[in-house]
Amino acid sequence: MQERYDPAAIERGAQADWNAQRVFVADENAPGEKFYCLSMFPYPSGRLHMGHVRNYTIGDVLSRFMRMQGRNVLQPMGWDAFGLPAENAAMANGVPPAQWTRDNIAYMKGQLQSLGLSIDWTRELATCDPDYYKWNQWLFLRMLEKGIAYKKTGVVNWDPVDQTVLANEQVIDGRGWRTGALVEKREIPMYYLRITGHADALRGALDELPGWPERVRAMQANWIGQSHGVDVDFPYAADTEQLLGKAGVLRVFTTRADTLMGATYVAVAAEHPVALAAAAGNPALAAFIDECRRGSTMEADLATQEKKGLPTGLHVRHPLTGESLPVFVANYVLMTYGEGAVMAVPAHDERDFEFAQQYSLPVRTVIASPSGAYAQVVAPWIDAYGEAGVTVDSGEFSGLDSAAAVDAIAAALSAKGLGAKRVQYRLRDWGISRQRYWGCPIPIIHCPTCGDVPVPDKDLPVRLPEDLVPDGSGNPLAKSAAFLHCACPKCGGEARRETDTMDTFVDSSWYFLRFTSRDNDQAMVDARADYWLPVDHYIGGIEHAILHLLYARFWTRVMHDLGLVKVAEPFANLLTQGMVLNHIFHRTPETGRREFFNPLDVDLVVDAATKQAVATLKKDGSVVTYEGLGTMSKSRNNGVDPNVITEKFGADTARLFMMFTAPPELSLEWSDDGVLGANRFLRRVWKAVYDHASLGAPVALDVVALEPADRDLRRIAHQTLGKVKDDIGRRQVFNTAIAAVMELLNAVGRHAGDAPQARAVRQEALEIAVLCLAPIVPHICHALWQSLGQAEPLYRVRWREVDPDALTQDLVEVVVQINGKLRGRISAPPGSPDVLLEAAALADETVQRFLEGKTPRKVVVVRGKLVNIVV
RNA sequence: GCCGGUGUGGCGGAACUGGUAGACGCAGCAGACUCAAAAUCUGCCAUGGGUAACCAUGUGUCGGUUCGAUUCCGACCACCGGCACCA
């Protein structure tokens, strides 16, 4: 064994051994209960960042730990390879997105491998591979057959200069990012997936996911939304009928049907058909509608917007009283929620109240406050006006509590054919059409005679040409004659291929299923998916808490309903890891752009007196502004390149630092000193084994021949073994597990003596330390295990069981409290009866002094832990 | 505004089921080794008082339950995240 810890050589050697033995290739037929450990696959942006390192280290520690527990582990890896950045890079460098993407994958794969992750690379996939996205297309066609996929118009951002559709992130302050042109809204046909059809199931099943963090479940529940209410139809009055040229109803959705008798007007969204019809002959209204539509995109972040509206001049009739009510266009009604229209009850809804005050509309009190907070609704608004109560002045519906009134009014409406109870979800259907090149083609052919024709299964995949280079002016697929022109599968006539591609969230909605059946070119998934699913542990960033996880749950449900997989929920346990933060420093010159400085180039000193942080540049001592901590990012120049750390200290140091510095769910502050500390610990472990091993092989351990100091060390070692298993296996916290091994190593350092049994105990303690660290820092442990004279390689070694005999103690410390305050400690044999402990505690010198002769009123004994004397 | 989370030393954090608050590490201070420095090792390290033994205080604030509360309950404050004219 070498005296010096040389991470580069050790890591190269360990990785070579693992690869040669194909240690991490998963096998469905291997013994042991399956454990599918999945980390969210990366977008191949070019280089790994520290967030990736953290994510994949957590997954790898769990995988390696479970492997040691005898589980049959699958840990795969792939690439979320379609997306906009590849097109941007292509425009900047003139390289096709395919080449840029594949180059990045090759580089980043090397980076991942240098971290020593226990990944089964035989199952690697990239979503831009035709044998992957073929099945996106195949399932899309099944959804089309089932009516789960459908076509309707949707609104997109249109850059009038580049003649192209822009993603939201390409719209900056309402202008195109490249041209600076004012972005327009355009309606175009798009494909949607009917995720709303599963809203109820997706919401309900959240309760059956105890392995998910509470906050993710709450975020999904909020996103899906759920309101129990009533659809109410307001028949058109004569003026509306005349304008629209037909009889009809204006439908609204309300959760407060109990207040229907207090409705004094109806408000519709700017995009509502009635509003648009009224605007045709009303320039002022048309201008207002225009304003509303602009406002909704550009001022979405305005918290308090003035309630504005205009009368349409049209009227509808109250469904129960027949009273004529005016119809307003209001900026607080959303076309995308419910029916795009609301009944307004100013007396019992705050927004309606505010609006009614502004436009002098009548306020009709129809609810009596159960707490007597008010008799009649008058300005100003108080929250009690909006609360449920008992109906008053509501004709035949008077005197009911709100819930009963909703039922009665819903029944009355239903009898007239003017309404019914309904559940409304906030969730909207998933629009998957993207007017871009670097994505999975939607398998549709447009035929002038047959219409939209699905591509037959035998012609799948519809291959994306890989040699195109986008130039920013529209989708290059639309300019590629080879792609565009085709024969109609139905009539054989000349037809045109759909040029839209799928949202990349489609790609990531089922990749975890494909890993199980990667080599099957006949089916999307096979029986192996049922073996491996559900994913036992899914690890990824909180930023995917809503969209990705919801889409993946939906997609799995669709596959389940089609009989393709047995599970309905894909992820049994979810671990959302925190972000990696670093200090941010900048300086804003009088002219020019703000300049950010890398933390490596800055000295940060906190003044002890003022508590003010002072940051100075290392090179010239000039002062820069300290902005605090923030996520590592290129734009703020506060990133740390993983390669720099692994090259300088090794992957094990990087892994140890990540796992030790914070629990996985919390954000992690980068600290160069912390990295040094992690490295220092590994050197200490190395030295401890070296010092021990260089004295030659120890004799066999004989537990009956141990000195007290030996028994102490052995007890600590076995306690550590138990704690580490519990911390990693049950609690999934790693920092405390590492802390426990550090304590063990400190104990080994204190343990002296060259007696044969002393050395045997140290041998066992070091073996346990190496086993406990093996999932976290696998390379150094691989080498140390050999140095400890073990014939079997560490990757084949199972976790060791705690020896209960090692944990026994002759005496345990018992704490003595008086009135809950710590006053002394006594030693007693474990399992001493309460009366003995009580007597010993009362006899204690310090205790006597504090009692000052007073008689205890009561004594509480917690066996083996403490005695509390109450006076 | 609504929903969720988090508040503990100079810093990251620990205390899992109500039972010794501050494990482990970082930084700092002192010492050993060294011609010296780095590295390494040892000791100290919540606050106030005291030479010390020790005493008092202390887990965002205020209250409650309990023999005993960082932990449970109530009210409030601050910060972070998500959603938001949601009918």
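Per chain, numbering begins at 1; letters A, B, ... match sequence-line order.
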Within the 4.0 Å heavy-atom criterion, would you say E813(A) contacts the bases, only the backbone, or no part of the nucleic acid? base
Do you know which of V366(A), V345(A), V363(A) makes side chain to side chain contact (heavy atoms under 4.5 Å, CB included) with V377(A)? V363(A)
Mind calculating the distance between CG (N735(A)) and P (rC24(B)) to the nearest angstrom? 14 Å
Rounded distance in Å between the C1' positions of rG48(B) and rU42(B): 29 Å
Any R823(A) side-chain N or O less than 4.0 Å from OP1/OP2 of rC55(B): yes
Considering just the side-chain nitrogens and oxygens of N746(A), establish if one lies under 4.0 Å of OP1 or OP2 belonging to rG25(B). yes
Can you check whether any acceptor in the base of rC67(B) is under 3.5 Å from a donor in the side chain of N868(A), or vice versa? yes
Crowding at CZ, R428(A) (>12 non-hydrogen neighbours, <6.0 Å): no
With rounding to the closest Å, how many angstrom separate the C1' atoms on rC29(B) and rC16(B)? 35 Å
What's the CG-C1' distance between N679(A) and rC26(B), to the nearest Å? 14 Å
Between atom CE in M219(A) and atom C1' in rC80(B), what is the gap in whole Å? 12 Å
Short side-chain N/O contact to rU40(B) OP1/OP2 from R680(A), under 4.0 Å: yes
Listed nucleotide nearest any side-chain atom of I546(A), set rC83(B), rC24(B), rA27(B): rC83(B)
Checking contacts here: which listed nucleotide (rG4(B), rC16(B), rA23(B)) is nearest the side-chain heavy atoms of E214(A)? rG4(B)
Whole angstrom value for the distance that separates P of rC16(B) from CD1 of I728(A): 19 Å
Expressed as a whole number of angstroms, how long is the span from D834(A):CG to rC67(B):C1'? 14 Å
K858(A) vs rC67(B): side-chain N/O to OP1/OP2 distance below 4.0 Å: yes
Walk me through it: do Y265(A) and Y359(A) pass the test ring pair (Phe, Tyr, Trp, His ring centres under 6.0 Å)? CA-CA 11 Å; Y265(A) 67 101; Y359(A) 295 95; 8.8 Å; no
Does rA69(B) have OP1 or OP2 sitting under 4.0 Å from an N or O in the side chain of K821(A)? no
If the P atom of rU47(B) is compared with that of rU65(B), how far apart are they to the nearest Å? 33 Å
Does W430(A) form a ring pair (Phe, Tyr, Trp, His ring centres under 6.0 Å) with F505(A)? I'd like the steps, not just the answer. CA-CA 10 Å; W430(A) 176 13; F505(A) 275 118; 7.2 Å; no
Inter-nucleotide P distance (rU20(B), rG68(B)), Å rounded: 15 Å
So V733(A), base contact, sugar-phosphate only, or nothing? Heavy-atom distance under 4.0 Å. nothing
What about R215(A), does its side chain sit under 3.5 Å from the base of rC3(B) through a donor-acceptor pair? no
Mapping R730(A) and A740(A) onto RNA chain B by nearest heavy atom, which one lands closer to the 5' end? R730(A)
Among the candidates rA15(B), rC24(B), rC85(B), find the nucleotide nearest to the side-chain atoms of R351(A). rC85(B)
Classify P663(A) by what it touches in the nucleic acid, base, sugar-phosphate, or nothing, heavy-atom distance under 4.0 Å. sugar-phosphate
Taking atom C1' in both rC24(B) and rU17(B), compute the distance separating them and give it to the nearest angstrom. 23 Å
note: L866(A), atom CG; rC67(B), atom P; distance rounded to Å ~ 15 Å
Please state whether the phosphate of rA87(B), meaning OP1 or OP2, lies under 4.0 angstrom from any side-chain nitrogen or oxygen of S227(A). yes
Could you measure between the two C1' atoms, the one in rG28(B) and the one in rC79(B), and give it in whole Å? 28 Å
Whole-Å distance separating the CZ atom of F657(A) from the C1' atom of rG13(B): 12 Å
Should R426(A) be listed as having a side-chain N or O under 4.0 Å from OP1 or OP2 of rA84(B)? yes
Quick one: does any side-chain atom of D258(A) pair with a main-chain N or O of V406(A) as donor and acceptor, under 3.5 Å? no
Given the P atoms of rA52(B) and rC26(B), what is the spacing between them in whole Å? 28 Å
So which one's nearest nucleotide on RNA chain B is more toward 5', N819(A) or K687(A)? K687(A)
Within the 4.0 Å heavy-atom criterion, would you say V815(A) contacts the bases, only the backbone, or no part of the nucleic acid? base
Rounded to the nearest 0.5 Å, what's the gap from CD1 on I58(A) to OG1 on T576(A)? Could you check? 9.5 Å
Between F355(A) and F328(A), does a ring pair (Phe, Tyr, Trp, His ring centres under 6.0 Å) hold up when you go through it step by step? CA-CA 10 Å; F355(A) 192 87; F328(A) 278 74; 5.6 Å; yes
Taking syn as a glycosidic torsion within 90° of 0 and anything else as anti, which one is rG9(B)? syn
Would you call the rings of Y5(A) and W686(A) parallel, tilted or perpendicular if under 30° counts as parallel and over 60° as perpendicular? tilted
Under 4.0 Å, heavy atoms only, any strand: does T736(A) hit a base, just the sugar-phosphate, or nothing? sugar-phosphate
In terms of ring plane angle, is the pair F585(A) and H583(A) parallel, tilted or perpendicular, where the classes change at 30° and 60°? tilted
Proximal nucleotide (of rA87(B), rC41(B), rC67(B)) relative to the V860(A) side chain: rC67(B)
Give none if rG74(B) has no partner; otherwise give the nucleotide forming a Watson-Crick or G-U wobble pair with it, both distances under 3.5 Å. rC62(B)
Distance in angstrom units between L666(A) CG and rG5(B) C1', rounded: 10 Å
E743(A) has its side chain closest, among rA23(B), rA87(B), rC83(B), to rA23(B)
Provide the distance between the two C1' atoms, one in rG13(B) and one in rC85(B), to the nearest whole Å. 42 Å
For rA30(B), what is the paired nucleotide under Watson-Crick or G-U wobble rules, both distances under 3.5 Å? rU42(B)
Classify the side chain of R683(A) and the base of rU40(B) as holding, or not holding, a donor-acceptor pair under 3.5 Å. no
Could you work out which one of rA27(B), rG19(B), rC83(B) sits closest to the side chain of W223(A)? rC83(B)
Where the side chain of A739(A) is defined as all heavy atoms beyond and including C-beta, which of rG4(B), rG19(B), rA23(B) is the nearest nucleotide? rA23(B)
What nucleotide among rC16(B), rA87(B), rG82(B) has an atom nearest to a side-chain atom of D726(A)? rC16(B)
